K.L.:
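The following block contains the structure, expressed as structure tokens.
What you see is a predicted model; the values in this text were computed from it and never measured. First the proteins, then the strands, lettered A, B, ... as listed; each starts at 1.
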Amino acid sequence: MEVARPEFRPDAAASREEMEATQREIAASAVFEDRFDFDPARAGRPEGPLVAGVDQAFLDDRVVSVVVVLRGDTVVERARSVSPTAFPYVPGLLSFREGGPILDAFEALDTRPDLVLFDGSGRIHFRQAGLATHMGVALDVPAVGVAKSLLCGRPVAPTDELAEGARVAVEANGRVDAPNGTVIGYAVQTRQFDSYRINPLYVSPGHRVSAETAADVALACRGGYKLPEPTRLADQYADEVKRSLGD
DNA sequence: GCGACAG
DNA sequence: ATCTTGTCGC
């Protein structure tokens, strides 16, 4: 798969100011509404769209980035990249640490997914340009951010005690570069038990997907675990590749 | 100065 | 993200 917008390939050597300026450009190019031709209701279904999951694993000073493409529960293709870590983890600048390796993995992928799920935020970001947004715009592919914790924004209601399948909107607050009250994502309960509480996932639009649809597909791709299958399998594969490198 | 902070 | 055994409870 090709990088549609090479100018947005993450530059780990840029200054923090340049990175933030790039994020504002990306946010301006991002489309936070549904703009695709497949049926989102069929995501995760046998004859449904091709959905990919992306995740990373780290080993010393190297990054393993993988992409796993699924149709229903069948793995269609997997691709990977292994490269030296070029930038540290800085809240708000995650795509400059993992973005390069991710694009490398996509360039080694033959399949063009209909939708891609990333392990991190999309619009739930200070400048509305999280990892899923940056990658979605660079690849010009429908993208969704699936994070395990909230970077910024405020849930409009308590998110503990949510029933499986339920969701609570996350609105922009003072820390987000968007009008207060703008729905930038959803806290989504993909898995829940009667006895102990499981924290929700924080799902947000990356590119070409609305906040509602992002939450819909995260739920549609469930496979019995907290993480949607595409992301869960990517997580698993990244660990597998990492171990094969010596550990 | 203090708190917040995806992976 | 990563370091890590057992252990309590569905």
K.L.:
CD1 of A:I198 versus P of C:dG9: gap in Å, rounded?
P.N.:
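Distance, rounded to whole Å: 17 Å.
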K.L.:
Quick one: label A:L201 by what it contacts on the DNA or RNA (base, sugar-phosphate, nothing), any heavy atom closer than 4.0 Å.
P.N.:
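No contact.
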K.L.:
When you check the gap from the basic side-chain N to the acidic O, do A:R208 and A:D140 get nearer than 4.0 Å?
P.N.:
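Answer for the salt bridge query: yes.
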K.L.:
On DNA chain B, reading 5' to 3', which nucleotide is the first and which the last to sit with an atom under 4.0 Å from a heavy atom of chain A, could you check?
P.N.:
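Listed 5' to 3', the contact boundaries are B:dA4 to B:dG7.
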K.L.:
Check every strand shown and say whether A:Y89 touches a base, only sugar-phosphate, or nothing at a heavy-atom separation below 4.0 Å.
P.N.:
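The answer is base, as A:Y89 lies within the cut-off (heavy atoms under 4.0 Å) of a base atom.
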K.L.:
Closest-nucleotide mapping onto DNA chain C: is A:Y196 or A:D239 further toward the 5' terminus? I mean the 5' end.
P.N.:
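On the 5' side of the pair lies A:D239.
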K.L.:
Rounded to whole angstroms, how far apart are OH on A:Y225 and P on C:dC10?
P.N.:
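My rounded result for the distance is 20 Å.
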K.L.:
Which part of the nucleic acid, if any, lies within reach of A:G92 when heavy atoms closer than 4.0 Å are counted: base, sugar-phosphate only, or nothing?
P.N.:
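Touches a base.
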K.L.:
So, are A:E33 and A:R35 salt-bridged, with charged N and O less than 4.0 Å apart?
P.N.:
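Salt bridge: yes.
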K.L.:
Check whether A:Y237 forms a cation-pi arrangement with A:R78 (NZ or CZ under 6.0 Å from the six-membered ring centre, at most 45° off the ring normal).
P.N.:
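Yes, a cation-pi geometry holds between A:R78 and A:Y237.
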K.L.:
Picking from A:T111, A:V51, A:L50, what satisfies side chain to side chain contact (heavy atoms under 4.5 Å, CB included) with A:R71?
P.N.:
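When A:T111, A:V51, A:L50 are each tested with A:R71, the side chain to side chain contact (heavy atoms under 4.5 Å, CB included) holds only for A:L50.
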K.L.:
Would you indicate, yes or no, if C:dT2 has its OP1 or OP2 atom less than 4.0 angstrom from a side-chain nitrogen or oxygen of A:K242?
P.N.:
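For C:dT2, OP1/OP2 do have a side-chain N/O of A:K242 under 4.0 Å.
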K.L.:
Looking at A:E164 and A:R191, is there a salt bridge between them, counting it only when a charged N and a carboxylate O are closer than 4.0 Å?
P.N.:
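A salt bridge is present here (some side-chain N lies under 4.0 Å from a carboxylate O).
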K.L.:
When you measure from every atom of DNA chain B, which of residues 129-140 of chain A have a heavy atom less than 4.0 Å away?
P.N.:
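Result for residues 129-140 of chain A: A:G130, A:L131, sorted by number.
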K.L.:
Looking at A:F126, does the NZ or CZ of A:R175 lie under 6.0 angstrom from its six-membered ring centre and within 45 degrees of the ring axis?
P.N.:
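No, A:R175 and A:F126 do not form such a contact.
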K.L.:
Check for me whether A:R167 meets the cation-pi criterion with A:Y186, that is, NZ or CZ under 6.0 Å from the six-membered ring centre and within 45 degrees of the ring axis.
P.N.:
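Satisfied, under 6.0 Å and within 45°.
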K.L.:
Any idea which heavy atoms bring A:G246 and A:L59 closest together, and the distance?
P.N.:
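Smallest heavy-atom distance, with atoms named: O-CD2, 3.3 Å.
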K.L.:
Should the pair A:R80-A:E240 be classified as a salt bridge under the 4.0 Å nitrogen-to-oxygen rule?
P.N.:
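No, A:R80 and A:E240 are not salt-bridged.
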K.L.:
Classify the nucleic acid contact of A:S195 as base, sugar-phosphate or nothing, counting any heavy atom under 4.0 Å across all strands shown.
P.N.:
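Answer is sugar-phosphate: A:S195 comes under 4.0 Å of backbone atoms only.
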K.L.:
May I have the distance from A:L59 (atom CG) to C:dC3 (atom C1'), rounded to whole angstrom?
P.N.:
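Distance, rounded to whole Å: 13 Å.
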